[in-house]
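Since this is a predicted model, take the numbers as computed values, not measurements.
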Amino acid sequence: MKKKKVNLRNLESVSDAEHTHDDGHDHDHGNSGSFKTYLPALISFTMLIIGIGLDYFDSSYFKDWVRIAWYGIAYLPVGFPVVKEGWNSIKKGDVFTEFFLMSIATIGAFIIGEYPEGVAVMLFYAVGELFQNAAVNRAKGNIKALLDVRPKEANVFRDGDYKSVSPEDVTIGEKIQIRVGEKIPLDGILVSEKASLNTAALTGESKPDSIKKSAKVYAGSINLESVIEVKVTNTFEDSSIARILDLVQNATARKSKTELFIRQFARIYTPIVVFLAIGVTLIPYFFVADYDFRDWLYRALIFLVISCPCALVISIPLGYFGGLGAASKNGILFKGASFLDAMTKINTLVMDKTGTVTKGVFKIKAIKAIGWETSEFMKYLMAMEAQSTHPIAKAIMAYKENGDDFEANDVSEIAGKGLKGIVNGKTVLVGNKALMMAHHISVPTETESIVESIVLVAIDNMFAGYVVIADELKADAKDTITELHNVGIKNIMMLSGDKDSITQQVAKELGIEHAKGGLLPEDKLNEVERLKKNPEHKVAFIGDGINDAPVLAASNVGIAMGGLGSDVAIETADVIIQTDQPSKIVRAIKISRSTRKIVWQNIILAFGVKVIVLILGAGGLATMWEAVFADVGVALLAILNAVRLQRMRWD
């Protein structure tokens with residue numbers, strides 16, 4: 001993929017560019033969360049109710065032009081944007097849109113004197129659009145959230161002191177200081193003697209990375225232990241964080257929007273209805289002896305009012321929002337109705353390892369004591385590890401052992417190898433194989449086949465045993481894979497930035513046939529792009545780190561772990577598992593399929609009733625109020641059908 005330079009200071013404008021009119025039909029209501037967005041509908045609704053009340057009581061002053069003006073003003077807040085959109089579409093050569101149909105049908109209602117119906121139909125349509133846009137506007141296109149992830153400042157050495165500046169103002173060759181807990185703002189080379197870094201955001205590697213002087217460090221890594229100094233080798237726009245931002249931006253651009261059924265259906269339904277209405281007006285001239293143009297025009301206008309797709313417009317979003325509500329109750333957040341649809345088509349699932357199917361924390365997996373009781377062996381080890389703040393040491397210290405604790409003295413750290421000290425008068429070595437070899441201590445060959453992190457222990461120059469430390473699988477991880485197969489997801493792949501040997505072992509334990517480890521964000525992205533080249537593959541990716549953001553954006557459906565996941569992953573994803581349980585993926589698929597079923601039931605119901613009433617209207621057997629009653633009845637049935645989703649169970 002060709003690399004594109006990005007001015008990150010201008011990323012704020014990216015999200016605005018996301019809201020484009022792909023087909024000229026998008027009815028953008030702006031920020032769906034503001035009161036201002038709903039104000040036009042509230043004004044129209046209030047005026048409509050007052051007008052109907054005045055009609056009911058047959059008020060003497062609510063007649064003629066006063067009545068027309070009142071309903072005309074009530075129509076404008078919800079009707080004008082639709083009429084304007086329809087006109088703009090006509091100017092672009094796209095005549096038969098739902099905006100055009102809504103416009104001529106409601107204006108037709110005014111022409112035949114059915115003012116309340118004209119306002120009511122357009123109000124129904126506007127409310128349906130507002131509901132739909134409320135979900136669409138929460139979609140993953142908000143790239144501005146990435147700005148919260150990039151380091152905000154860099155402590156650069158200038159004029160004999162460290163000064164806080166923007167990372168974008170630091171030049172190559174300058175020296176920066178990073179305190180404990182801070183993110184490294186720029187790529188560089190370590191000037192300090194050593195450092196312990198959390199690189200999970202970039203590589204997905206669960207184990208902190210211990211590096212020595214002159215080693216490369218990357219922007220986005222977190223400094224864990226002591227204050228360090230780094231010599232900058234890349235400008236901010238060329239840093240690892242900027243590269244990930246760029247990948248997300250490009251991947252988002254490649255991901256097409258999903259059109260809901262009503263947009264596609266309207267392209268066929270609208271011209272048919274318009275031409276039928278013209279036919280209702282003109283064709284009887286050739287077959288009816290006492291043809292009256294005004295009478296048949298009246299019928300055609302009623303036909304158009306009846307044909308307004310408000311029942312469809314309402315029933316479809318209601319079905320989707322029923323699914324969205326049901327998913328929310330189950331700890332699953334869909335960022336729009338279109339992703340419920342997309343989830344039903346998924347047949348390939350790609351998943352990250354660390355934080356997705358594993359807990360992302362170290363835990364003792366096995367203890368092997370040689371020549372010692374396990375309890376006494378662990379006391380020696382814990383006495384040494386009590387002197388360390390390393391995550392592996394913390395995992396060992398979580399081991400519970402009864403009895404008096406041992407105490408270590410004269411503990412020293414041997415860089416890159418481990419610890420040496422005195423416990424109960426005995427010399428104890430704790431570390432890796434290099435430490436054992438440096439002290440001429442033989443290590444059992446069985447340790448060579450262990451792929452997880454391993455802590456070797458020697459007491460008085462004799463090998464005493466080892467402890468295996470591993471990232472623990474989530475409780476429901478294995479059952480999730482089985483359930484995914486049961487619901488028809490046969491292609492499952494694991495991609496991880498962790499070591500390939502560890503990734504393969506976890507995949508084998510879970511029953512996943514295809515797995516790759518040691519991958520950078522670009523590698524994960526390439527793998528998913530390769531899968532998507534096959535049109536039969538509809539790919540969902542589930543991850544939780546910053547490094548997963550590009551592939552989350554590029555997949556057909558991006559799923560993020562919301563509890564422990566990074567802000568970028570959550571913002572980029574289409575679906576968020578709020579409880580961090582992988583088993584929720586299965587539930588999300590089941591809810592999506594149930595929603596799709598309900599939506600199609602509503603479509604068939606609404607369309608079926610619509611066709612019957614249209615035929616009656618064309619024959620002069622249906623009045624305006626009968627048509628409105630039919631629409632309201634269908635809408636009510638659709639509501640009741642959608643509500644069923646809130647009460648379904650997907651255990």
Between [X] and [Y], is there a side-chain N and carboxylate O pair less than 4.0 Å apart?
X: E376; Y: K379; result: no
X: K478; Y: E509; result: no
X: R158; Y: E174; result: yes

What is the distance from atom [atom1] of [X] to atom [atom2] of [Y], rounded to the nearest 0.5 Å?
X: D548; Y: T354; atom1: CG; atom2: OG1; value: 9.5 Å
X: Y380; Y: L429; atom1: OH; atom2: CG; value: 13.5 Å
X: I492; Y: H485; atom1: CD1; atom2: NE2; value: 3.5 Å
X: N556; Y: T348; atom1: CG; atom2: OG1; value: 9.0 Å
X: I189; Y: K213; atom1: CD1; atom2: NZ; value: 11.5 Å
X: K183; Y: E153; atom1: NZ; atom2: CD; value: 12.0 Å

Checklist entry - Is the CD atom of E373 crowded by more than 12 outside heavy atoms at less than 6.0 Å? => result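 At most 12 heavy atoms, drawn from other residues, nucleotides or ligands, come within 6.0 Å of this atom.
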Next on the checklist: Atom CE of residue position M462 - does it have more than 12 heavy atoms of other residues, nucleotides or ligands inside 6.0 Å?
Outcome noted: no
Checklist entry - If you draw the axis of the six-membered ring of F157, does the NZ or CZ of K175 fall within 45° of it and under 6.0 Å from the ring centre? => result yes
Using a 4.5 Å cut-off on heavy atoms from C-beta on, say whether the side chain of [Y] contacts that of [X].
X: E529; Y: L525; value: yes
X: F334; Y: D574; value: no
X: V357; Y: I542; value: no
X: V170; Y: V165; value: yes
X: V586; Y: W650; value: no

Checklist entry - With sequence neighbours left out, what residues match Q504 under side chain to side chain contact (heavy atoms under 4.5 Å, CB included)? => result D500, A515
Checklist entry - Would E385 and Y399 count as having a side-chain donor-acceptor pair, cut-off 3.5 Å? => result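 No - no donor-acceptor pair under 3.5 Å links their side chains.
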Item to check | Residue pair E229 / Y162, side-chain donor-acceptor N/O under 3.5 Å | outcome: yes
Using distance only, find each side-chain donor-acceptor pair of residues 411-428 under 3.5 Å and give its atom names and separation, not counting sequence neighbours.
{"residue": "E413", "atom": "OE1", "partner": "K194", "partner atom": "NZ", "Å": "2.9"}
{"residue": "E413", "atom": "OE2", "partner": "K194", "partner atom": "NZ", "Å": "3.4"}

Item to check | Shortest non-hydrogen contact from P582 toward D476 | outcome: CD-OD1, 3.2 Å
Donor-acceptor check, side chain of [X] to backbone of [Y], threshold 3.5 angstrom: yes or no?
X: S192; Y: I228; answer: no
X: H537; Y: K533; answer: no
X: N347; Y: K538; answer: yes
X: K532; Y: A554; answer: yes

